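Inspection log for the structure reproduced underneath, given as structure tokens.
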Amino acid sequence: MLAHSYDFHTHSTASDGTLAPQVLIEKASEAGVKLMALTDHDSMSGYQALISSGFSADIELISGVELTCRLDKQVVHVVGLNLDAANERLYAHLLGLDRLRMERAKAIALRLHKAGLPDLLEAAIECSGGGQIGRPHFAQALLNMGLVSDQQQAFKKYLGAGKKGDVKVEWPQLASIIEIIHEAGGVSILAHPTKYNLTLNKVRYLVAQFSELGGDALEVGYPAVTADHQKSLSILVEKHQLMASGGSDFHNPDYHWTGLGRFPRVPEHLPHVLDAIR
Ligand code: AMP
Ligand code: MN
Ligand code: MN
Ligand code: MN
């Protein structure tokens, strides 16, 4: 996978990444990244910590977030870039998501407890380290207790789609997410469109809706994307006059198949988000 000088999709301990924002940004710089966005799930606290404490890495940081939402019943992720973290509506939205995610965590713990597992809530909260809590923290708690052999297995048995710990909550609607990102002055990017377990026809529908609602860009360069996917996504970018973006979706240095700044190249003929935010 190609090493890029930009990375528009990364996670820190402010959500389900394992590196503190300060460390992440240094590692990104060491990997040759010059322009990056920290896009934690439903939180900008890592970004804000970096801005308020300052950082020594020779890197340009742009603000970012990966917002969880839904279109009908389908959960989707939208990356917002270059948004004003102080925007009131965005701020209120993120506060609401803190609450929603904590309520969901309690429901996950309860469901898994009823299924015969120990009560995992405290352990998962501890794994989240004060950041935004999610299923990966339950996976880590299960791993720490020796109940699974790795996080993948935790998802396969307990947390993945259709399993007991895959608790549905009323995630915000895609329409409002795009609106909020725009109100905060940002660019909205549909994250990893081929990673929702949808048929290509459903991906086309999702992108059409996203575009109809005012969405700006599609992620086209991301680790799991195949050449065939990229062709289909490129056609959709052009058809709906969107832009394209790319990022590593980096979470953890132990995942040796991922790396900061490493992801398949975004086809050069597509308008790139890079050019819209600089
Ligand atoms: P949540 O935001 O709580 O729904 O958790 C979603 C996160 O879990 C994703 O952003 C991934 O980081 C992680 N994840 C999802 N599916 C898997 C899987 N099968 N194996 C490992 N991690 C996963
Ligand atoms: Mn994640
Ligand atoms: Mn995602
Ligand atoms: Mn992500």
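All ligand and atom numbering here is 1-based and tracks the order in the structure. Bear in mind the structure is a predicted one, so any value in this text is a computation, not a measurement.
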*Of all N, O or S atoms in Asp16, which has the smallest distance to the Mn ion (ligand 2)?*
OD2
*asked:* Students often mix this up, so state it plainly: with edges at 30° and 60°, are the rings of Tyr255 and Trp257 parallel, tilted or perpendicular?
replied: parallel
*asked:* Consider side-chain hydrogen bond (donor to acceptor under 3.5 Å, both in side chains). Of Lys168, Lys163, Lys164, which one does Asp166 pass it with?
replied: Lys168
*For the Mn ion (ligand 4), state how many protein N, O or S atoms fall inside a distance shorter than 2.8 Å.*
4
_Side chain proximity check, Leu67 to His93, heavy atoms < 4.5 angstrom_ = yes
*asked:* Ignoring hydrogens and geometry beyond distance, is a side-chain donor-acceptor pair present between His41 and Gln132 at under 3.5 Å?
replied: no
_Looking at Asp275, I'd like to know if its CG atom is crowded, meaning that more than 12 non-hydrogen atoms belonging to other residues, nucleotides or ligands lie closer than 6.0 Å._
yes
*Trace of the side chain to side chain contact (heavy atoms under 4.5 Å, CB included) decision for Ile51 with Leu61*: CA-CA 9 Å; Ile51 293 302; Leu61 181 70; 4.2 Å; yes
